[in-house]
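Reviewing the structure listed below.
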Amino acid sequence: MILITGSSGQLGSYLVESIPNSIGLDRKESQYTKIIWDIRKEIDSALRDYEIDTIIHAAAQVSVLKSVEDPKIDAENNIIGTINLLEYARKHDVKYFIYISSAAVYGEPRYLPIDEAHLTAPKSPYGLSKLTGERYALLYHELYGLKVASVRPFNIFSPRQDPNSPYSGVISIFVDRAKKGEPLIIYGDGEQTRDFVNVEDVVQLIKLLQKDKPTGIYNCGTEKETSINELAKIIKNISGKDLEIVHLPPREGDIRRSYASIEKARSIGYKPTTNLKRDIERYFFTRNKKGGV
Ligand code: UD2
């Protein structure tokens, strides 16, 4: 059986939906979650009734902002929580561990596109805790032979991101404001770029990993960069409204340009399908907002 942690979250919910023989664990209830459990506590008693051979660890404190406000809670979830799962894997002879890391581990890019060999110099407690969790997982490979893959997603988007959360991504926020006819707010000149990847591509890569079970680190993106100005234009056009675009001072610590090298993911068969305009339309502006995988 495949354990998916973070099953009430954006990525975890899609994973439960699209991976057969999987079971979801999360501290929050949802239709995708079978086991309600906080990973900051040891995990054995929660999984007593199950035989787990693979763990996909997507549960995390995901907000950069929150991690700055409360680095301790961030570390408890992302570091201690990961250690609890790795300890379970070690004791119960789990065969494969997929760790969901983040592009935040790189910090300010030194060159583009960013490949997996790029220096890791996180700029936030979140980036550091995700990197530490990843290092622990890879250490368990060294020490105990646990097969471990770490996925470093760039900017994931899907209709399951809560636009009302102050920690939400720019696409959900822009779409929400566009629907309400509110101005789109761009921090800085809008020429900063990101590699936006739809959640289905992240699921695609994870399924490929599950098939071959390699050990290693894999970026997950599209190898394309889109500026925030372009993104605002796309969403304004789709909405068909005469939306105002307002520029505010840049966000502190904002990265200027970012996009992934995905050569390594390609080597195991990954082919990104993300098409920003089409996906924003079908995820957010059609009647069926499910955006099913
Ligand atoms: C993303 C991830 C973060 C971490 C990081 C790694 C999300 C929500 N955050 O942060 O968890 O992995 O990548 O580098 O996926 N912006 C606006 N107006 C808005 C909101 C945002 O102009 O209303 C800009 C923002 O200043 C930034 C860009 O849009 O330049 C993307 O912002 P974001 O918060 O979606 O994601 P990012 O890249 O800061």
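Counting convention: from 1, in listed order, for ligands and their atoms alike.
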Is there a polar contact, in the sense of an N or O pair closer than 3.5 Å, between [X] and ligand 1?
X	value
Ser168	no
Tyr187	yes
Ile173	no
Gln161	no
Ile185	yes

Ligand 1 versus [X]: contacting region, heavy-atom distance under 4.0 Å:
X	result
Phe174	side chain
Ser102	side chain
Ile156	neither

Whether [Y] and [X] form a salt bridge (side-chain N of Lys/Arg under 4.0 Å from carboxylate O of Asp/Glu) is what I want to check.
X	Y	value
Arg256	Asp189	yes
Asp26	Lys28	no
Asp176	Lys180	yes
Lys130	Glu134	no
Lys95	Asp53	no
Glu42	Lys91	no
Glu87	Lys41	no
Glu225	Arg194	no
Glu76	Arg40	yes

Counting non-hydrogen protein atoms only, what is the nearest one to [atom]? Give residue, atom name and distance.
atom	result
atom 9 (N) of ligand 1	Asn155 ND2, 4.9 Å
atom 3 (C) of ligand 1	Val64 CG2, 3.7 Å
atom 7 (C) of ligand 1	Gly169 CA, 4.4 Å
atom 24 (C) of ligand 1	Gln192 NE2, 4.0 Å
atom 39 (O) of ligand 1	Arg251 NH1, 3.7 Å
atom 5 (C) of ligand 1	Ala104 CB, 4.2 Å
atom 38 (O) of ligand 1	Arg194 NE, 2.6 Å

Seminar exercise, completed: In Leu3, Ile55, Thr54, the residue satisfying side chain to side chain contact (heavy atoms under 4.5 Å, CB included) with Phe97 is Ile55
Problem set entry | Heavy atom of protein closer than 4.0 angstrom to atom 22 (O) of ligand 1 | yes
For this session: For atom 27 (C) of ligand 1, state whether the nearest protein heavy atom is under 4.0 Å away.
Result: yes
Problem set entry | Check: Tyr283 ring centroid to Phe157 ring centroid under 6.0 Å | yes
Exercise. For ligand 1, is Phe157 a contact, meaning one of its heavy atoms is under 4.0 Å away?
Worked result: no
State the atoms of ligand 1, each with its element, that fall below the 4.0 Å cut-off from a heavy-atom position in [X].
X	result
Val62	11 (O)
Ile228	22 (O), 28 (C), 29 (O)
Ile186	22 (O)

Exercise. Between Asp74 and Gln61, is any side-chain donor less than 3.5 angstrom from a side-chain acceptor?
Worked result: yes
Exercise. Does a side chain donor of either Thr33 or Ser8 reach within less than 3.5 Å of an acceptor in the other side chain?
Worked result: yes
For this session: Report the member of Ile245, Ile255, Asn229 with the shortest heavy-atom distance to atom 14 (O) of ligand 1.
Result: Ile255
Exercise. Looking only at non-hydrogen atoms, which of Val170, Asp176, Asp195, Asp254 approaches atom 25 (C) of ligand 1 most closely?
Worked result: Asp254
For this session: Using atom types as modelled and distance alone, determine if a side-chain donor or acceptor of Asp115 lies under 3.5 Å from a backbone N or O of Ser261.
Result: no
